[in-house]
Engineer: 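Please find one structure pasted underneath; my questions will follow.
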Amino acid sequence: MTKYGILIDYEWCTGCHSCEFACQMEHQYPVGQTGILVNEIGPWKIEEDVWQLAYMPVPTDQCDLCAARTEMGKLPTCVSHCQAKCMEYGTLEELSAKLTEKPKQAVFSLD
């Protein structure tokens with residue numbers, strides 16, 4: 001059985017929270033609950049002109065990869081609504097192969 005997941009490119013996440021809101025609306029979760037949560041790292045100064053500021057969307061235990069949507073051939077709602085297009089849905093095999101292309105990426109398997 002093929003397993004699927006989500007690849008997130010942290011270099012391009014802008015912290016817009018579109019993935020959170022789309023998930024919350026799709027699944028009708030109450031305020032404060034979602035299947036994906038955007039975490040903010042920083043800001044703090046590393047060097048004179050270098051600052052740490054990053055956003056990291058992380059699926060929660062409530063994420064089911066939008067099983068109802070993907071069964072219909074649609075993308076998970078977080079991937080579909082990502083404004084920065086930094087999220088990708090696919091098989092773990094194809095997503096894992098992309099990890100070698102650049103740093104600051106992660107693949108989440110939720111099976």
Side-chain angles (χ1 to χ4, degrees):
M1 184 171 153
T2 305
K3 293 191 175 198
Y4 290 84
I6 295 177
L7 176 129
I8 301 174
D9 183 342
Y10 295 110
E11 183 177 9
W12 295 105
C13 180
T14 63
C16 71
H17 299 269
S18 292
C19 56
E20 284 181 10
F21 295 123
C23 178
Q24 188 178 37
M25 299 307 288
E26 176 79 21
H27 298 285
Q28 300 176 345
Y29 292 137
V31 173
Q33 264 184 271
T34 185
I36 189 160
L37 183 65
V38 178
N39 296 289
E40 183 177 317
I41 300 173
W44 62 73
K45 193 174 190 175
I46 298 173
E47 295 176 10
E48 184 58 35
D49 292 326
V50 180
W51 286 79
Q52 169 69 54
L53 177 60
Y55 299 98
M56 300 183 76
V58 179
T60 70
D61 287 345
Q62 288 188 277
C63 180
D64 66 354
L65 291 174
C66 287
R69 288 177 58 90
T70 56
E71 285 174 11
M72 295 186 296
K74 296 180 180 182
L75 292 172
T77 195
C78 62
V79 175
S80 179
H81 288 87
C82 177
Q83 298 295 302
K85 300 297 179 203
C86 66
M87 300 176 79
E88 197 171 327
Y89 173 76
T91 67
L92 292 180
E93 186 176 324
E94 57 193 20
L95 296 177
S96 295
K98 294 181 180 210
L99 289 175
T100 61
E101 295 174 9
K102 57 184 292 223
K104 296 187 180 182
Q105 297 184 104
V107 171
F108 291 91
S109 169
L110 304 166
D111 292 335

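Note that the structure is predicted; figures quoted are calculated from it, not measured. Scope of the values below: all heavy atoms of this structure, side chains included, with no hydrogens, waters or symmetry mates.
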Engineer: Strictly by ring pair (Phe, Tyr, Trp, His ring centres under 6.0 Å), give each pair with a member in residues 61-99 just once, sequence neighbours left out.
Structural biologist: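 Pairs touching residues 61-99 that pass the test: Tyr4-Tyr89.
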
Engineer: Which value, rounded to the nearest 0.5 Å, describes the distance between His17 atom NE2 and Leu37 atom CG?
Structural biologist: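 Rounded to the nearest 0.5 Å, the NE2-CG separation comes to 8.5 Å.
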
Engineer: List the residues meeting salt bridge (charged side-chain N to carboxylate O under 4.0 Å, His left out) with Lys98, not counting sequence neighbours, and say none if there are none.
Structural biologist: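 If we apply the salt bridge (charged side-chain N to carboxylate O under 4.0 Å, His left out) test to Lys98, skipping adjacent residues, the hits are Glu88.
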
Engineer: Please name the pair of heavy atoms, one in Lys85 and one in Ser80, separated by the smallest distance, quoted to 0.1 Å.
Structural biologist: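 Result for this residue pair: NZ-O, 3.6 Å.
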
Engineer: Measuring from atom CG of Leu65 to atom OG of Ser109, what distance do you get when rounded to the nearest 0.5 angstrom?
Structural biologist: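 Spacing of CG (Leu65) from OG (Ser109) equals 8.0 Å.
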
Engineer: Tell me, please, which residues at least two apart from Val50 pass side chain to side chain contact (heavy atoms under 4.5 Å, CB included).
Structural biologist: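 Partners of Val50 by the side chain to side chain contact (heavy atoms under 4.5 Å, CB included) criterion, ordered by chain and then number, come out as Ile46, Glu47.
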
Engineer: Glu48: which residues meet the salt bridge (charged side-chain N to carboxylate O under 4.0 Å, His left out) condition with it, sequence neighbours left out?
Structural biologist: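 Lys45.
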
Engineer: Would you check if Cys86 and Cys13 make a side-chain contact, meaning some heavy-atom pair closer than 4.5 Å?
Structural biologist: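 In short, these two side chains touch, coming nearer than 4.5 Å.
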
Engineer: Measuring from atom CE of Met87 to atom CG of Leu7, what distance do you get when rounded to the nearest 0.5 angstrom?
Structural biologist: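 With rounding to 0.5 Å, CE (Met87) is 9.5 Å from CG (Leu7).
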
Engineer: Please report the shortest heavy-atom distance between Val38 and Cys19, naming the atom on each side.
Structural biologist: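 Result for this residue pair: CG2-SG, 3.6 Å.
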
Engineer: Under the side-chain hydrogen bond (donor to acceptor under 3.5 Å, both in side chains) rule, what pairs show up with a residue in residues 53-62, not counting sequence neighbours?
Structural biologist: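 Listed once each, the pairs are Gln33-Gln62.
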
Engineer: Using modelled atom types and a 3.5 Å cut-off, is there a donor and acceptor pairing between side-chain atoms of Glu40 and backbone atoms of Gly15?
Structural biologist: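 No, Glu40 side chain to Gly15 backbone: no donor-acceptor pair under 3.5 Å.
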
Engineer: In chain order, what residues pass the ring-ring contact (aromatic ring centres under 6.0 Å, His included) check against Tyr10, with sequence neighbours excluded?
Structural biologist: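 So Tyr10 forms no ring-ring contact (aromatic ring centres under 6.0 Å, His included) with any residue.
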
Engineer: By ring-ring contact (aromatic ring centres under 6.0 Å, His included), which residues pair with His27, not counting sequence neighbours?
Structural biologist: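 Testing His27 for ring-ring contact (aromatic ring centres under 6.0 Å, His included), a comparison that skips the adjacent residues, returns Tyr29.
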
Engineer: Assess whether side chain to side chain contact (heavy atoms under 4.5 Å, CB included) is satisfied between Ile36 and Cys63, documenting all intermediate values.
Structural biologist: CA-CA 7 Å; Ile36 189 160; Cys63 180; over 6 Å; no

Engineer: Assess whether side chain to side chain contact (heavy atoms under 4.5 Å, CB included) is satisfied between Leu92 and Val107, documenting all intermediate values.
Structural biologist: CA-CA 8 Å; Leu92 292 180; Val107 171; 3.9 Å; yes

Engineer: Taking all heavy atoms of Ile8 and all of Pro57, pick out the closest pair and write down the distance.
Structural biologist: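 Closest approach of Ile8 to Pro57: CD1-O, 3.2 Å.
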
Engineer: Taking it one step at a time, do Met56 and Ile41 satisfy side chain to side chain contact (heavy atoms under 4.5 Å, CB included)?
Structural biologist: CA-CA 8 Å; Met56 300 183 76; Ile41 300 173; 3.0 Å; yes

Engineer: Taking side chain to side chain donor-acceptor pair (under 3.5 Å) as the test, write out the residues that go with Gln105, two or more places apart.
Structural biologist: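 Residues passing side chain to side chain donor-acceptor pair (under 3.5 Å) with Gln105: none at all.
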
Engineer: Which residues pass the side chain to side chain contact (heavy atoms under 4.5 Å, CB included) test with Pro103, not counting sequence neighbours?
Structural biologist: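 Listed in chain order: nothing, the list is empty.
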
Engineer: Answer yes or no: are there more than 12 heavy-atom neighbours, outside Gln28 itself, under 6.0 Å from its atom CD?
Structural biologist: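 No, not enclosed.
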
Engineer: Would you confirm whether Ser96, through its side chain, and Glu93, through its main-chain N or O, come within 3.5 Å as a donor-acceptor pair?
Structural biologist: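 The answer is no, because no donor-acceptor pair under 3.5 Å joins these two groups.
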
Engineer: Okay, side chain of Arg69, backbone of Lys74: is any donor-acceptor separation there less than 3.5 Å?
Structural biologist: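 The answer is no, because no donor-acceptor pair under 3.5 Å joins these two groups.
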
Engineer: Quick check against the 3.5 Å criterion: does Glu94 have a side-chain atom that pairs as donor or acceptor with the backbone of Thr91?
Structural biologist: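 Flag set: sc Glu94 to bb Thr91 pair under 3.5 Å.
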
Engineer: Is it the case that the side chain of Thr70 and the backbone of Cys66 share a donor-acceptor pair, with hydrogens and angles ignored and the cut-off at 3.5 Å?
Structural biologist: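 Side chain of Thr70 to backbone of Cys66: a pair is present.
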
Engineer: Check ring-ring contact (aromatic ring centres under 6.0 Å, His included) between Phe108 and all other residues, then give those that pass, not counting sequence neighbours.
Structural biologist: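 Phe108 satisfies ring-ring contact (aromatic ring centres under 6.0 Å, His included) with no residue once adjacent residues are dropped.
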
Engineer: Taking side chain to side chain donor-acceptor pair (under 3.5 Å) as the test, write out the residues that go with Thr34, two or more places apart.
Structural biologist: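 Partners of Thr34 under the side chain to side chain donor-acceptor pair (under 3.5 Å) test: none.
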
Engineer: Just jot down the salt bridge (charged side-chain N to carboxylate O under 4.0 Å, His left out) partners of Glu11, sequence neighbours excluded, or say none.
Structural biologist: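 Checked Glu11 against salt bridge (charged side-chain N to carboxylate O under 4.0 Å, His left out); matches are Lys102.
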
